[in-house]
Each structure stands twice: as C-alpha cells, then as structure tokens.
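Have a look at the structure below before the remarks.
Here is how names work: the chains are called A, B, and so on, in the same order as the sequence lines, proteins then strands, and each is numbered from 1. In this text, all values refer to a predicted model and were calculated from it rather than measured experimentally.
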Amino acid sequence: MHWGLLINLKKCVGCQACTIACQNENALPSDLKYCKVAKVGPHGRYPNLTSYNITVGCMHCEDAPCVDGCPTGASHHRVDGIVAIDPEKCVGCLFCMLVCPYGVRQLNDEKGVVEKCTMCCERLDEGRVTRCVETCQLQARLVGDLDDPESEIVKQIHKQNAQPLYHHLGTKPSVYYIMP
Amino acid sequence: MEKQQEHWGSLPAWYLFLAAMGTSMFIIVAVTDMLGNQISAQINGWVSLVSFAMSSVGAMLLMLELTHKTKGYLIIARPFASILSFGGVIQSLYIPLVLVYASFFFNFIPWVGLVWLKMIVACLAILTGLLYVSYAGIELGEAKGRAFWNGGGLTCLFLINGAATGMAALILLMIILGYDGQAYTLAIKDLSVALLIAQAITVPGYVLGMRLSSAEEARQGADKLWRGDLSRSFWVGVITLGTVVPVIINLLFSSEYSLSLSSALILFGGIFFRVDFLRAAVRAALPGEERDEPSRKEIVELAATLESRWQEKARWLNRE
C-alpha cells in the first residue's frame, strides 16, 4: 500500500475550494495553507497564450529530504508511504523547511511546530478519500494506491502520462500531475 | 512582496562562524602541542578555554533558533539518524573534551602532570573538532532543491574560511596574552596569508562555477552574490575587507596594530561569508511561484496609503 495523489491540471480552474476545505479539515489559521493554488502564466504571445492553475501540497516523497534531515525523527514515513510529522517530537529547528525542494512545509507559529499536508491520513485510515478530493467539484484530484496496478490512479497516471514535479531531484514524489 | 523562499535566520550563521573559528583555533594549538612546541604550555590553556566559550555560545545560539528549546535534547537522541543529529552529537562530545584538555594547563588541577592522558584527550578533541568543522558543508548539501549548496567544494570553502578565522582569532588572543612578537605568531600570520590567498581564489571561483551551473536555482543563488542583493556584502565584506585587505596588511606590515587590524577584518569577513552563503541558496521555484503575493505588512501599508490619498481628495473636494 502506497498512497498517492493525481492532480489533473487540465480540469483545475483555481477555485481554491481544496485550499479552504483543507484549512477547515485541519482547523488551520487563515494564513496557513497545506494546499496552495497558484496561477501559472499567461505564457506565450498573443493570441497563443497559455495559462493554467496548479495546486501544490506535500509531495509525500519516497526519498524525502525532510525525513532524512529531521534530527528528532518527527518527520517520518508511515507504512502506507505518507510523510507524517509527530508534533511531540518536532523541536522547530526548521531544517526540514530548508531541505524541502517544494517549499511546502510551514511553521505554525501558534504551536511552534512545522506542519504540512497529512494527505488526510485519518480519513484514509477510515476508508474515506481526502478532503480535497472530496471537495473538488471538477474531480481534478484522485487519491489511490500507487502499489496497485489495477487502481484507478495508476491507470490514469499511465493513460495520461502524469508526471511528478521536479522528478529530476530524485525524491520520488507520490503526487502526480496531468499537465495541460 | 512576500518572499516565498524559506531560509534560516542569522543565528545559525553566527553559530557556524563561532563553531568554525573556535574549533580551528583549538586544532591549531592542539597540533602545536602534539608536535612539542614549547609555547603550548603557556597559551594552550587559555586558547582552549576561549575555544570552549566560542563553541558553547555557538551551540546556545543554535538552541535559541529552536521553537521548542526545552526539547532540544531530542536532536542528539538519535545520533546517526541525520546529519543534523550527527553534528549535535559531535558538538556535545567536542565541547567537554576541549574543557578537559584546557584543564591540563592550569596547575591547580590534580591531573595536570598526566601527559599521556592529555595526549589522548587532545587526539579525541582534534578528531571531533575536524568532524565538527566539516559537517556544516555536508549538512547544507542535504538540501537537494538548493543547488547552490550542492557543489562538492562547499565543505572545502567552509574549512578554508574556518581555518582563516581560527588563525585570526588565535593571533588576536596571542596579542592579548602578550606573545605578538613570537616566531609562532608570525608563522601563524604567514599561514593565514596563504589561506586567505586560497580563499580569494576559491570563494569567487565557487560562486562563478555556480553562475555557470546548469541548475537555474544555483545560478540564481550565485547571482545574488555576484551582482544581486547580497553583492555588496559579498564583494565588500567577504572579498575586499575580509580577504584582500588583510592579505595586503599582513604582507606589508607586522606590527601589533596591523596584526590586530588584519585579524579583526578576517573575522568580520568570516561573519559575512557565513551569512551570505546561508542566504544565497534559493530553492527551485515552483510553477506560478514567481507571482509574489503581497505580505500582510504590505497590504496594511497599501491600505494606509489609499486612506491618506482618499483623505487628501476629500480635503480637496471640500476645500470650499
């Protein structure tokens, strides 16, 4: 079992519903976002312009620099591949924020610990999908088992030639993107 | 605009500077002692105490950076789990070893005559000290997304600068202790000139190499130093005042004042070197990240500007 996420940027309209739903699910302060939406472009020359929206959260890398770099073991891999943070062990050295190539880790000033997307592991443990997947009205997001070749996510990844962001860094992310 | 790139504050830079300076200073005098130089009996106790103080202050600065300071012990609870915890363990071994080594040079200590024990402690302290000054470059190299730190030469640069600042601090201490005219002090001065010449070549060379790198983020980091927002502190602080001017002073003069001045400048450049190199490394920007979002402070400032503009207009409209 290895949980992964597939995000279809052809469908994403940048409504930020996933961001808000994630903030609600995790009771986050308004300035803390586990799932950020950014607008890319427009690129090109008129009239051939391209613009799309991209959502970026923790990539739950298999070879995660944050896990390797965490001195206390607060950042760790669960058996299902999700990169989790134990707030009891986090001392706030911020080294994980420094080594994360995606810059998705944020310091929660109130708690004094680093936080990020948990891939709604409690919901997944209960057999439900992640809150962002549940919320996305355009079904631009899909969660599933990357180890199961028969799972919908694996089929879609192969069919749509989905790729992770910056795979050349060698961190083996578990989040794939269907590029527009 | 809000910067979406995270970086450590200046406290870790000070920590790296103090740790490298104090440890290098200690390694020089401990090696001198092992080689049998007579001056060691007079200076090593005090130099080791200063090295102990530098490393301890550095470690405390690092602790200050933690948001949960009381849980700082967790860093060394898993000694080889990460490079950071390895550094923490090495630091925890080095600091007491230096203190124990210093104790062999004060006559009121009962074990002062046990030379064999002093040599064992010196060997252990030198070994941990070398690991202590080396691990910082490896630690920064862990950041895969920050290619500016991924160059293999970074550890060498840190070692060269650490040794140069250690020698500068040692010269200052020798002057304070009244040994400025000694052949040993002058030998350290000559060695520091050689190191500074190496630094004058390797530091800009590393930055230039990164400017020519294929990785975009490495080029961005190097550009920050070469001609960007850190260029003034890099060219003036690190290269000119911290490297070239001390070389010229040390080559032309050898008085107590010139030695003090050049040593102070080397230390000054050493601080800038650590701060600049920590701040220069930028992460690979994500798609869309180039769109900077206004920070809360900027929104407040914008709102205040708009409000004052409205007030101006209101006054103009109601002037009759």
Side-chain angles (χ1 to χ4, degrees), chain A residues 9 14 30-31 36-41 43 51-56 59 61 63-76 86-114 165-166 168-171 177 179, chain B residues 2-9 11-12 62-89 138-147 149-150 214-217 278 281-293 295-296:
Chain A
L9 299 184
S30 60
D31 58 345
K36 292 179 191 168
V37 179
K39 189 176 179 66
V40 183
H43 295 308
S51 177
Y52 63 94
N53 300 285
I54 187 167
T55 69
V56 180
M59 301 292 163
C61 307
D63 190 5
C66 55
V67 173
D68 294 341
C70 181
T72 65
S75 290
H76 61 281
D86 181 349
E88 292 301 313
K89 287 185 181 174
C90 180
V91 294
C93 68
L94 312 187
F95 190 60
C96 56
M97 288 172 67
L98 202 71
V99 296
C100 174
Y102 301 99
V104 292
R105 291 180 160 240
Q106 295 165 75
L107 177 68
N108 186 326
D109 290 320
E110 289 172 19
K111 298 177 189 168
V113 295
V114 173
L165 280 183
Y166 298 152
H168 64 276
L169 294 173
T171 59
Y177 289 87
M179 300 306 284
Chain B
E2 190 173 13
K3 296 292 175 228
Q4 297 176 18
Q5 295 271 343
E6 310 77 20
H7 54 71
W8 269 336
L11 287 183
L62 204 60
M63 288 292 285
L64 279 178
E65 187 78 357
L66 303 180
T67 54
H68 288 287
K69 294 162 187 60
T70 52
K71 290 199 275 184
Y73 66 91
L74 286 174
I75 288 177
I76 55 170
R78 300 163 70 243
F80 301 103
S82 77
I83 187 71
L84 206 67
S85 44
F86 175 75
V89 170
I138 302 166
E139 179 187 7
L140 297 180
E142 289 268 298
K144 290 180 181 172
R146 298 181 190 249
W149 288 337
N150 295 158
S214 59
E216 171 65 25
E217 59 273 21
L278 275 194
V282 290
R283 173 171 52 72
L286 295 170
E289 208 174 36
E290 66 273 14
R291 282 174 185 272
D292 287 338
E293 296 169 5
S295 67
R296 283 186 174 187

When A/Asp31, A/Val114, A/Val67, A/Thr72 are compared by non-hydrogen pairs under 4.5 Å with chain B, the top option: A/Thr72
Using non-hydrogen atoms and a 4.5 Å limit, figure out which bit of A/Leu165 sits close to chain B: side chain, backbone, both or neither. side chain
With a 4.5 Å heavy-atom cut-off, do B/Ile75 and B/Leu66 have their side chains touching? yes
Looking at A/Cys61 and A/Thr171, what are the two nearest heavy atoms and their distance? CB-O, 2.9 Å
Might you point out which heavy atoms bring B/Arg283 and B/Glu217 nearest each other, and give the distance in Å? C-CB, 4.1 Å
Proximity breakdown for A/Cys66 and chain B, heavy-atom pairs closer than 4.5 Å: neither
Is it the backbone or the side chain of A/Asp63 that comes under 4.5 Å from a heavy atom of chain B, or both, or neither? both
Could you tell me the separation between the CG atom of B/Leu286 and the NZ atom of A/Lys36, rounded to the nearest 0.5 Å? 8.5 Å
Proximity breakdown for A/Val91 and chain B, heavy-atom pairs closer than 4.5 Å: both
Would you call the rings of A/Tyr166 and A/Tyr102 parallel, tilted or perpendicular, taking 30° and 60° as the class edges? parallel
